[in-house]
Amino acid sequence: MIENILTANAVKAVNQLFNTQIESSALAVQRTIPAYRDQGDFSLVVFPLLKISRKSPEETATMLGNRILLNMPDAESFGVVKGYLNIRIKPEYWMQFLSANQNKSSYGIIETSSGNPVVVEYSSPNTNKPLHLGHIRNNLLGYSVSKLLKASGKNVVKVNLVNDRGIHICKSMLAWKLFGNGETPESSAKKGDKLVGDFYVLFDRKYKEELSELMSNGLNEDEAAAKSGLMMQAREMLLKWEARDEETLKLWNTMNGWVYKGFEHTYKRLGVDFDKIYYESQTYLLGKKIVEEGLKDGVLFRREDGSVWIDLTEEGLDEKLLLRSDGTSVYMTQDLGTAQLRADDYDPEKLIYVVGNEQNYHFDVLKLILKKMGRPWAESIYHLSYGMVELPEGKMKSREGTVVDADDLMDEMIATARAMTEELGKIEDFNSSEAEALYKMVGLGALKYFILKVDPRKNMTFNPRESIDFNGNTGPFIQYTHARIRSIMRKAGEEARFTNADSLHPQEADLLIMLYQFPQMVGQAATELSPSFIANYLFEVARQYNQFYHELTILKEENPEIRSLRLALSQLTSIVVKNGMDLLGIEVPEKM
RNA sequence: GGCUCCGUAGUUCAACGGAUAGAACGGAAGUUUCCUAAACUUUAAAUACAGGUUCGAUUCCUGUCGGGGCUACCA
């Protein structure tokens, strides 16, 4: 990599000139900002070196530049502005890179997949309601991060922990029993997860009715909640479930089965998948062993009422409950157990949890407990915490019915893509299945790109209309760029066969250097666990390409050398766009 | 209240402590209707506030203001 070579040479030059020993980390080579591109391709800030050189910034930079030119064959020239040393790399270097990679379809992707795995947990749905917009961000992030890690050479295991037990699913089951008429997904023509979700909502409604009736008889809210027959029945059902009551288990299996079928459909459409699915019903008891162990070691303590706690006040956190006084486990207990299970199953290099930022505290505590319990792998736990997704109309509230259902949203995006395309009459030569595939590609591409281009940690606003624009920083714009390049290549009727050219136009050099940096971008995005790097990078590439190139400038170019350079640049751009979008889980069309 | 994250053009997003804070959409003005869903040119427009550290701060620290989240014997 040229940046590394440059850094190494700069370090060497500093050490020779000023007779010291600095580390390469003391120097940072960065891409020269556009305003000074006429001076060079990469820049070095020399301000930090002034203490060593005891000379003016300009003088220091000039001395360094001269020395680097002497030592580094690929360096062509340099310019100095204030404390900045701008170094020009020989165009031959870039052209050689282009001719070597112009047809490499796997450019930027490593996929060695060796070593201890990185386990990425994402999605983790409850089985009492369908997936919504927030889950979409979770799934897209988890999937894309997994792809990024894989593309940077990691061995990745994607896991999903389904929360399939607990009081919430009992509520759906109870409502189905009490208020339903034996509906099934088939009889009601509803997706299974929707049907179960509807009964969950129905339970909540009936429960509220019951509460207000009790309260109108003079009880306060807490008393009413304690007297609620519905809630009592739901708890009973949970106890029956834990006692393996046959009838309860049967209904539970049936209704969860409906939900899984519904989820499968949503996942498939969204384009995400998993290597392993854990079910909480099979893991929820695991944490208790760890708690016993902790009690023995004295890390945990037991209160008079029998409940078990950990004291984290020294670490600046609270006391945290790990077992209820009746001996049943809580969320944290279960997570301790599943974390141990992951560690045992995979001996992972890193354990990544893709979970919303409302659980930051939970994961701080989880990590801390495991550390205190002497689990060396606790350090490898990483909570990839993402912000909420809001809509232009405001926040989603399940109580107010403003939750955006994942399936509905995908439908809407695809329908919009269809409407826009049909209105413009762009694809008359497509048969109907090709057209359908394109609508889906564009509609979902818009959705995915819009969500992934934002730094995961930040809250964001999803605007469906803006996302599907064919201009601007959008998925369709990048897809469109890819389709255009492919079209140009088809019309050219030849493979890219660039060997050499006399010169490189500055804008072509900019694009070429950008393409050169793609593998580094993948590495950085994988390290930072942030697909947004790739998304914003791809937009820059597409924008740069579109600004300079169009069909005329390529196909009507008469100088064969320049034509072949432009074809090769187009080809490599399309490869970068395709591979980059693939890392985001977005398909790109050959034509559109 | 305590803990925590966040605050950048009208809007949606960028910016390893580095040069004149970038784009996109929208706005204004203009040229054009030939590149796949119009393009191109010009233009106005932002770091919430006050300190501090630094050669240099949107970035790090402190405080103020504003917003989100957590603060359950729910998951």
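Numbers restart at 1 for each chain; the letters A, B, ... are given by sequence-line order, proteins then strands.
For the pair A:Asn126 and A:Lys591, both in contact range of RNA chain B, the more 5′-proximal nearest nucleotide belongs to A:Lys591.
You'll find that the side chain of A:Glu358 is closest to B:C70, out of B:A75, B:C70, B:U71. The side chain of A:Asp455 lies closest to B:A14, out of B:A14, B:C70, B:C55. Out of B:A19, B:G7, B:C25, the shortest distance to the side chain of A:Asn471 is found at B:C25. Closest to the side chain of A:Gln359, out of B:C55, B:A75, B:A19, is B:A75. Taking only side-chain atoms of A:Val454, from C-beta outward, the nucleotide of B:A24, B:U12, B:C13 with the closest atom is B:C13.
Here A:Tyr84 packs flat against the base of B:A19; its ring centre is closer than 5.5 angstrom to the base's six-membered ring, tilted by less than 30 degrees.
Nucleotides B:A14 and B:C73 have their P atoms positioned 37 Å apart, rounded to a whole Å.
For a distance-only test at 3.5 Å, the side chain of A:Ser43 qualifies as a donor-acceptor partner of the base of B:A19. For a distance-only test at 3.5 Å, the side chain of A:Asp305 qualifies as a donor-acceptor partner of the base of B:C73. With hydrogens and angles ignored, no donor-acceptor pair closer than 3.5 Å exists between the side chain of A:Asn536 and the base of B:A15.
A cation-pi arrangement, defined by a distance under 6.0 Å to the six-membered ring centre and an angle within 45 degrees of its axis, is absent between A:Lys82 and A:Phe47. Geometric assessment of A:Arg88 against the ring of A:Phe42 yields a negative cation-pi assignment under the 6.0 Å and 45° thresholds. Under a cutoff of 6.0 Å and an axis angle of 45°, A:Lys367 and A:Phe363 do not form a cation-pi pair.
One atom, NE2 of A:His383, and another, P of B:U4, lie 16 Å apart when rounded to the nearest Å. Atom CG of A:Asp364 and atom P of B:U71 are 13 Å apart (whole Å). Protein atom CG of A:Asn360 is 13 Å distant from nucleotide atom P of B:G69, rounded to whole Å. Whole-Å rounding puts the A:Asn459 CG to B:C13 P distance at 9 Å. Per the geometry, NE2 belonging to A:His362 stands 12 Å off C1' belonging to B:C70, to the nearest Å. The CG-P distance, from A:Leu317 to B:U4, rounds to 9 Å in whole Å. Taking atom CD1 on A:Ile169 and atom P on B:A75, their separation rounds to 15 Å, with Å as the unit. Between A:Phe539 atom CZ and B:A14 atom P there is a gap of 13 Å when expressed in whole angstrom units.
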>> Counting Watson-Crick and G-U wobble pairs with both distances under 3.5 Å, what is the dot-bracket string for RNA chain B, 5' to 3', using [ ] for crossing pairs and | for pairs to another strand?
In response: (((((((..((((....[...)))).(((((.......)))))....(((((..]....))))))))))))....
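Taking 4.0 angstrom as the limit, A:Lys51 places none of its side-chain polar atoms (N or O) nearer than this to OP1 or OP2 of B:U54. The phosphate of B:A23 has neither OP1 nor OP2 within less than 4.0 Å of any side-chain N or O from A:Arg543. At the phosphate of B:A72, neither OP1 nor OP2 sits under 4.0 Å from any side-chain N or O atom of A:Arg324.
The side-chain hydrogen bond (donor to acceptor under 3.5 Å, both in side chains) test applied to A:Thr474 returns no partner, not counting sequence neighbours. In terms of the salt bridge (charged side-chain N to carboxylate O under 4.0 Å, His left out) criterion, residue partners of A:Glu280 (sequence neighbours excluded) are, by chain and number, A:Arg165. Residues satisfying the salt bridge (charged side-chain N to carboxylate O under 4.0 Å, His left out) test with A:Arg302, not counting sequence neighbours, are none.
In this pair, A:Tyr284 and A:Trp241 present their aromatic rings tilted. The plane angle is within the 30 to 60° band. Classified by interplanar angle (parallel below 30°, tilted 30° to 60°, perpendicular above 60°), the ring pair A:His132/A:His135 is tilted.
Base engagement by A:Pro48 is indicated by at least one non-hydrogen atom pair under 4.0 Å involving a base atom. When heavy atoms are screened at a 4.0 angstrom cut-off, A:Asn86 is found touching base atoms of the nucleic acid.
The side chain to side chain contact (heavy atoms under 4.5 Å, CB included) test with A:Ile485 is passed by exactly one of A:Thr573, A:Leu567, A:Asn546: A:Thr573.
Proximity of residues 484-493 of chain A to RNA chain B (heavy atom under 4.0 angstrom from any strand atom) is restricted to A:Arg484, A:Ser487, A:Lys491.
Counting only residues at least two apart or on different chains, the salt bridge (Lys or Arg N to Asp or Glu O under 4.0 Å) pairs with a member in residues 313-332 of chain A are A:Arg303-A:Glu319, A:Glu315-A:Lys372.
Here the side chain of A:Tyr537 pairs a donor or acceptor atom with the backbone of A:Met514 at under 3.5 angstrom.
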